[in-house]
Amino acid sequence: MSTWVTGANGFIGRHLVRELAGVGHAVHGVGHGALDPAQARALGLQTWINGEVDAANLNALAALHGLPSQVFHLAGGSSVGLSIARPFEDFSRTVTSTARLLEWLRSFAPESQLVVASSAAVYGADHAGPIAESAALAPMSPYGHHKQMMEQLCRSYAQSFGLRCSVVRLFSVYGPDLRKQLLWDICSRLKSEERSLDLGGTGAEIRDWTDVRDVVRLLVRVAEDVRRDDFRLINGGSGRGTSVADIAEGLIRNWGSNTVVRYSGVARPGDPMSLLAEDGRLREMNFDWRLPLERGLADYVEWFRSQARA
């Protein structure tokens with residue numbers, strides 16, 4: 001089975017490649033980042049093309065390995081902050097790459113199963129509890145708007161041309177190899193032995209934290225769960241909310257530090273107070289989240305320290 005992963009050199013992409021290769025898939029990737037053949041093989045990639053998700057590179061993969069039976073589309077913008085600083089770049093990475101991929105699949109591989117990683121950022125603010133896939137979308141940042149546009153493109157190609165596409169709206173994904181965002185920032189400052197941490201926001205912001213090792217299991221499970229539906233949306237969250245303050249305290253506890261955290265009380269641009277998944281569709285699939293948050297935080301601290309020692 002020939003499986004392609006766009007964005008395979010990213011945080012989630014690397015974990016996904018390992019998961020797919022581990023269960024016997026022949027995995028080929030395209031996206032940004034230099035990987036020599038030895039590095040690609042160590043990751044689990046049989047082929048890696050460093051470049052844009054465009055017709056030329058997709059044709060090159062097809063010429064080498066034939067048409068894909070599955071495509072996991074992870075390429076795209078990955079930061080709210082960067083989307084605000086460089087919105088056109090985020091648009092190009094997310095919307096343009098998706099349009100190119102869909103058009104190529106329509107033309108050459110319409111029977112391929114497509115799984116697309118989107119984001120809970122499409123929901124926006126003003127949600128007090130679990131959010132269903134049917135909720136109105138009101139993104140607060142260019143990042144969220146571009147993910148919504150990506151979803152609309154997928155729905156259009158499914159309805160107009162019969163492409164089979166599953167969009168998984170990921171919530172707060174964390175885990176080993178994540179070198180940005182809250183966990184990385186806090187651990188970096190704990191390593192510097194700061195006695196107090198000043199963080200933005202209030203600390204009461206609620207997020208649905210999911211370990212990347214569970215998330216990639218979910219993506220593979222979605223691809224295996226073949227339905228007649230040409231298009232479907234799935235929340236990729238656990239339905240369990242945890243505050244930013246609790247995450248910070250958990251990291252500090254696992255680090256073995258007495259550092260005190262203070263919050264500015266000022267909400268960050270594009271940052272909702274609550275993003276929590278309604279997980280009914282995952283329960284219907286009998287998907288189980290195996291890694292509890294406390295273990296995930298402990299594993300992250302252990303990984304971070306191993307990087308610092310390397």
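Quick caveat: nothing in here was measured; it's all calculated off a predicted structure.
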According to the interplanar angle, ranging from 0 to 90°, do the rings of His15 and Phe11 count as parallel (below 30°), tilted (30 to 60°) or perpendicular (above 60°)?
perpendicular
Inspect the contact between Arg169 and Glu151 and indicate whether a charged nitrogen and a carboxylate oxygen are less than 4.0 angstrom apart. yes
For this session: For the pair Arg18 and Asp177, find out whether any cationic side-chain nitrogen is under 4.0 Å from an anionic carboxylate oxygen.
Result: yes
Note to self: Tell me whether Arg290 is salt-bridged to Asp211, with the criterion being a basic N under 4.0 Å from an acidic carboxylate O.
What the structure shows: no
Contacts of Glu249 meeting side chain to side chain donor-acceptor pair (under 3.5 Å) (sequence neighbours excluded), chain-then-number -> none
N/O donor-acceptor pair under 3.5 Å between Asp208 side chain and Gly239 backbone
yes
For Ser274 and His127 the tightest heavy-atom approach is CB-O, 3.2 Å
_Salt bridge or not between Glu103 and Arg106? Use side-chain N to carboxylate O under 4.0 Å._
yes
Output for pair (Leu170 CG, Leu74 CG), nearest 0.5 Å, gives 7.5 Å
Residue set satisfying ring pair (Phe, Tyr, Trp, His ring centres under 6.0 Å) with Trp289, at least two apart, ordered chain then number -> Phe287
d(Asp230 CG, Phe161 CZ) to nearest 0.5 Å is 12.5 Å
By side chain to side chain donor-acceptor pair (under 3.5 Å), Arg283 pairs with (sequence neighbours left out) Glu278, Asp279
Same apolar cluster: Ile12 and Leu183, side chain cutoff 4.5 Å
yes
CG (Leu297) and CD1 (Ile252) are apart, to the nearest 0.5 Å, by 11.5 Å
Tightest non-hydrogen contact, residues Val122 and Gln148, listed as CG1-N, 3.6 Å
Query - CA sep, side-chain torsions, deciding dist, call: His146, Thr94, side-chain hydrogen bond (donor to acceptor under 3.5 Å, both in side chains) - result: CA-CA 6 Å; His146 297 157; Thr94 299; 5.4 Å; no
**Request:** Using the six-membered ring wherever Trp is involved, compare the ring planes of His65 and His28 and label them parallel, tilted or perpendicular (cut-offs 30° and 60°).
**Result:** parallel
In this structure, CG of Asp185 is separated from CG of Leu251 (nearest 0.5 Å) by 11.0 Å
Gln39 and Asp36 have their tightest heavy-atom pair at N-OD1, 2.7 Å
Nearest heavy-atom contact between Asn235 and Ile131 is ND2-O, 2.8 Å
In short, Cys165 meets Val116 closest at the heavy-atom pair SG-CG2, 3.8 Å
When you group the ILVMFWY residues by side-chain heavy-atom contacts below 4.5 Å and let the links chain together, are Ile206 and Tyr123 in the same group?
no
Here the gap from Trp104 atom CH2 to Asn59 atom CG, rounded to the nearest 0.5 Å, amounts to 6.5 Å
> In terms of side-chain geometry, is the basic nitrogen of Asp90 or Arg86 positioned less than 4.0 Å from the acidic oxygen of its partner?
Replying inline: no
- Query: In the single-linkage hydrophobic clustering (I, L, V, M, F, W, Y; side-chain heavy atoms under 4.5 Å), do Leu178 and Leu291 co-cluster?
  - Reply: no
Value for CG (Leu101) from CG (Leu114), rounded to nearest 0.5 Å, stands at 6.0 Å
Practice task
Check whether the ring centres of Tyr300 and Trp184 lie less than 6.0 Å apart, and answer yes or no.
Solution key: no
With Ser172 as partner, the option from Arg207, Gln181, Glu205 fulfilling side-chain contact (heavy atoms from CB on, under 4.5 Å) is Arg207
- Message: Can you confirm whether Leu199 sits close enough to Ile186 that some side-chain heavy atom of one is under 4.5 Å from a side-chain heavy atom of the other?
- Response: yes
| message | Do the side chains of Asp214 and Arg217 get close enough for a salt bridge, i.e. N-O under 4.0 angstrom? | response | yes
Minimal heavy-atom distance between Gly124 and Leu275, with the atoms involved, is O-CD2, 3.7 Å
